[in-house]
There are 2 protein chains.
Amino acid sequence: MPNKSADITMDAVYTAPGYLFRRMQQIAVSIFVEECKAYDLTPVQYASLVSIRTHPGIDATRLSAVIAFDRSTLGSVIERLEAKAYIERKSSPEDKRTKLLYLTRAGAALLRDIMPSVQRAQARMLQPLKPADRRTLLALLTQLVDLNNEASRVPLRAEDALEHLGKSN
Amino acid sequence: MPNKSADITMDAVYTAPGYLFRRMQQIAVSIFVEECKAYDLTPVQYASLVSIRTHPGIDATRLSAVIAFDRSTLGSVIERLEAKAYIERKSSPEDKRTKLLYLTRAGAALLRDIMPSVQRAQARMLQPLKPADRRTLLALLTQLVDLNNEASRVPLRAEDALEHLGKSN
DNA sequence: TCTCGATTGACAGCATACTTACAATATGGA
DNA sequence: TCCATATTGTAAGTATGCTGTCAATCGAGA
């Protein structure tokens, strides 16, 4: 529809990859929040909880590397999760600078309960495409995100999370 | 790489479409800002300027529909663009509630000058993919964004911009 | 051991992106 | 004409996502 006389130059926006990525992210968040509104949890808070469950006792800096999330922003995310009593922060005896993160019982329960809603949200995002196209899009996107990892300000460092295991193991 | 014992459940994050969309948006903004840092312009500010150039005299509400951008947020974006003297706001004589938006000479010049950088940024986002894969990804993404339009809180309404033309024509 | 450089969490500041609310204004129907 | 309803810009509040900076702490080498 963006193609009536006056819209000719708008294609400089509508067909740009950057615009499509922004728009899709906008839509994805909207769908996630809608499906999960009963739990009042955002996509980032969800990803943080999953990471803490997977890596109990991780510290904030490593958590930010594991979900490719800015260290500064993560501070407030953790604050909110702690205020909702889904996680606990304990000072590390080995390193007085760091605070270790753990799921509370409530946090673990929430994560279990919210799973179906999250699955529904993820499915809805791709629903309009044919199944084969969904697979193609996901494959290309996975590839592109991986190859562009270093281009972002906060590259994903999944292996960072394993460092603290070396100490406690 | 996210596949060492402890990472098993992290796949609930890494393979989710929502995570990939967030990550890709993050990367896209990072590349855009880097390429355009000489002009100190954000992706959203760029899209706003292009829209105002395409639709001179558009008001803020219609502009938000044209770039699928929240009306509240747009207020501050416009403020910043006005502070940088790239746009002008004029009260409408026909409707005292609205303020009409126009590019200044400086805004038009900036838009001309920044084009090569924007093109470079858009190209870099897809660079890692093979040309055929870039086309496939763009086609699928365009399709998905279009079909999911109503799912977002601020659906794109490109045709809204044409309303004010009816009055002035 | 002492000291220099790196790391950590916290903070301030800016820019999206959304919510609700509100006053001013516009509009259509009784 | 008058009035209920809708629209417009704005503002306050919350939540990412980034830039810096800073003090406290750590760790490695002289």
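Residue numbers start from 1 in every chain, and the chains themselves are labelled A, B, ... in the order their sequence lines are given, proteins ahead of strands.
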Student: Does E79(B) pair with K99(B) as a salt bridge, N-O distance under 4.0 Å?
Tutor: no
Student: With a 4.5 Å limit on heavy-atom distance, are the side chains of C36(B) and I114(B) in contact?
Tutor: yes
Student: Give the C-alpha distance, both sets of side-chain angles, the deciding distance and a yes or no for side chain to side chain contact (heavy atoms under 4.5 Å, CB included) between L103(B) and L49(B).
Tutor: CA-CA 7 Å; L103(B) 276 194; L49(B) 288 183; 3.7 Å; yes
Student: Do any N or O atoms from the side chain of Y102(A) and from the backbone of I52(A) form a donor-acceptor pair under 3.5 angstrom?
Tutor: no
Student: Hey, is E82(A) close enough to K90(A) for a salt bridge, meaning N to O under 4.0 Å?
Tutor: no
Student: If you find the nucleotide of DNA chain C closest to Q26(A) and the one closest to A60(A), which residue's nucleotide is nearer the 5' end?
Tutor: A60(A)
Student: In residues 68-81 of chain B, which residues come under 4.0 Å of DNA chain C by heavy atom?
Tutor: F69(B), D70(B), S72(B), T73(B), V77(B), R80(B)
Student: Go through the structure and list residues passing salt bridge (charged side-chain N to carboxylate O under 4.0 Å, His left out) with R80(A), not counting sequence neighbours.
Tutor: none
Student: Does S152(B) have any side chain to side chain donor-acceptor pair (under 3.5 Å) partners at least two apart in sequence or in another chain, and if so, which?
Tutor: R23(A)
Student: Do any side-chain nitrogens or oxygens of R22(B) fall under 4.0 Å of OP1 or OP2 in dG17(D)?
Tutor: yes
Student: I'd like to check the ring pair (Phe, Tyr, Trp, His ring centres under 6.0 Å) partners of F21(B); sequence neighbours left out, ordered by chain and number.
Tutor: none
Student: Please list, by residue number, the residues of residues 96-104 of chain B whose heavy atoms come closer than 4.0 Å to an atom of DNA chain D; answer none if no residue qualifies.
Tutor: R97(B), T98(B), K99(B)
Student: Could you identify which residues of residues 34-50 of chain B place a heavy atom less than 4.0 Å from some atom of DNA chain C, listed by residue number, or say none?
Tutor: T42(B), V44(B), Q45(B)
